[in-house]
Amino acid sequence: MRIAVAALVVATSLSLPARADYFLDARQKGELISRGQITGQDGALYNVWIVPGYVGPAQDAVAGWRQAGDDLAEYGDGKTYRNALKHSRDTFRFARHDILREFVFTGTGRTWRESFSAASARVDKRVFGWWFAYPWALVEATGVSALRVGVGLPTGVAVGAGSVSALPLLELSIPVLKAGYHVVVPGVTVPLVATSWNTVIAPPLALLGEQPSPERADGFWMKRIDPATSDGELLAMLQALAAWRDQQLAGAPAQAVTVAQGEAERALQARREALLRELAVEQLAGRQAAGERLLAVLRAAAAAPDAPAREPLRALAQRHGRQPLVNALRGGALDEAAAAALLEALLGSQPLPAEEPPALRPDKEKTDPLRRSLELMKD
């Protein structure tokens, strides 16, 4: 505070009485140096951005030390120790159950079973290269096993060991670390820098600063604070008005009006929903009728001489399945069901095999033992 008083005395002693209507008066100089704010002649409060004042940093320092005390008080709360124990237990369970058991051992066993089951199916079907099915299954299972065991086993052991050693110590040290931060940064460093800077910048601005006005407050160096947000008397009156309003609205006469209006709104909403349902039913019926008429027209066109040739169409359906043909017919006014019905008309009444071709991987996809092992690990 000695620095603040000295700065205020210097600024006041060097003031220019002859231009008091232009420069800051003694009271305004004191406001600027102590708080970084000025009360203008229009009654509004003006905040000077680059002047922190002494009061604000002092309050920040008190808040920082108070927060540090709150941080250290966590050691007196049993929740701190329960959380540390819970997190340690959860992490150990994750290492044991998820990493070691599921990822390493269960995943490895599942890969061996699935790989040799797939190999057996390929041998039974005598697919291309069937004689290499079991060696490939061995390559798949061995590669995945090496990755799962090589990565998962040391990771699981490390996580499990850390969960009962490093993790509890780290978590129990968090209150001390937070307290140290709040003491060093907001409790000491930030206020010290702010007060030092205020000692440098506030006196010359207080000495040479002009009377604040809305024209000089550009919102950057200086910002005018609306008096409505800083007038204590006005704020108290606003709170009183709000409390009076709530009291009147809670009374029986106002409640009766509110209840009646709510009932009327609910009745109107019910009528609106009923009308919308009726319109939706009518709209759906119209669409269905139009769809049936359109499908009848298209079925008649399917029997015309210029319709797509039936035999090539049936051959393609047997080779690739019906879905690509249905997709080609979809669009415009035809949905999935209408396109499927139209395709039936184009194919004729003779049944086709119902079984669709199996899903195949992309045409140019390639693999190798490492790539395949990584793919199986994702599964």
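If you're wondering where the values come from, they're calculated on a predicted model, not measured in any experiment.
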Answer whether the closest heavy-atom distance between the side chains of [X] and [Y] falls below 4.5 Å.
X: Glu336; Y: Gln323; answer: yes
X: Glu210; Y: Tyr22; answer: yes
X: Leu268; Y: Arg272; answer: no
X: Asp71; Y: Ile174; answer: no
X: Phe94; Y: Ser163; answer: no

Do [X] and [Y] have side-chain atoms, one donor and one acceptor, less than 3.5 Å apart?
X: Tyr54; Y: Thr199; result: yes
X: Gln269; Y: Glu265; result: no
X: Thr39; Y: Glu31; result: yes
X: Tyr46; Y: Asp42; result: yes
X: Gln283; Y: Glu278; result: no

Within 6.0 Å of [atom1] in [X], more than 12 heavy atoms from elsewhere:
X: Arg27; atom1: CZ; answer: yes
X: Arg216; atom1: CZ; answer: yes
X: Arg271; atom1: CZ; answer: no

Residue list, ring pair (Phe, Tyr, Trp, His ring centres under 6.0 Å) with Phe128, at least two apart or on another chain: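 Once residues adjacent in sequence are excluded, Phe128 has no partner under the ring pair (Phe, Tyr, Trp, His ring centres under 6.0 Å) criterion.
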Val164 and Phe92: CA distance, side-chain angles, deciding distance, side-chain contact (heavy atoms from CB on, under 4.5 Å) verdict: CA-CA 7 Å; Val164 297; Phe92 184 79; 4.2 Å; yes
Return the minimal non-hydrogen interatomic distance between [X] and [Y], and the atom names on each side.
X: Leu329; Y: Ala339; answer: CD1-O, 3.7 Å
X: Leu347; Y: Arg314; answer: O-NH1, 3.0 Å
X: Ile99; Y: Ala95; answer: CB-O, 3.4 Å

Reported OG-to-NZ distance for the pair Ser34 and Lys29, which is rounded to 0.5 angstrom: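 So the gap between those two atoms works out to 13.5 Å.
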Check whether [X] reaches the backbone of [Y] with its side chain - one donor and one acceptor, N or O, closer than 3.5 Å.
X: Thr195; Y: Leu192; result: yes
X: Asn198; Y: Ala194; result: no
X: Gln255; Y: Leu249; result: yes
X: Asn47; Y: Arg224; result: no
X: Ser115; Y: Trp112; result: no
X: Ser88; Y: Leu85; result: no
X: Gln28; Y: Asp25; result: yes
X: Tyr81; Y: Tyr75; result: yes
X: Arg148; Y: Phe103; result: yes
X: His320; Y: Leu316; result: no

Salt bridge (Lys or Arg N to Asp or Glu O under 4.0 Å) between Glu344 and Arg299, worked out: CA-CA 9 Å; Glu344 289 290 342; Arg299 279 174 170 167; over 6 Å; no
Among Leu153, Val159, Thr106, the one residue meeting side chain to side chain contact (heavy atoms under 4.5 Å, CB included) with Leu100: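 Only match with Leu100 under side chain to side chain contact (heavy atoms under 4.5 Å, CB included): Leu153.
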Contacts of type side chain to side chain donor-acceptor pair (under 3.5 Å), residue Arg101, not counting sequence neighbours: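 Side chain to side chain donor-acceptor pair (under 3.5 Å) check on Arg101 returns His97.
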Worked verdict on Asp70 versus Lys178 for salt bridge (Lys or Arg N to Asp or Glu O under 4.0 Å): CA-CA 10 Å; Asp70 294 340; Lys178 292 193 299 183; over 6 Å; no
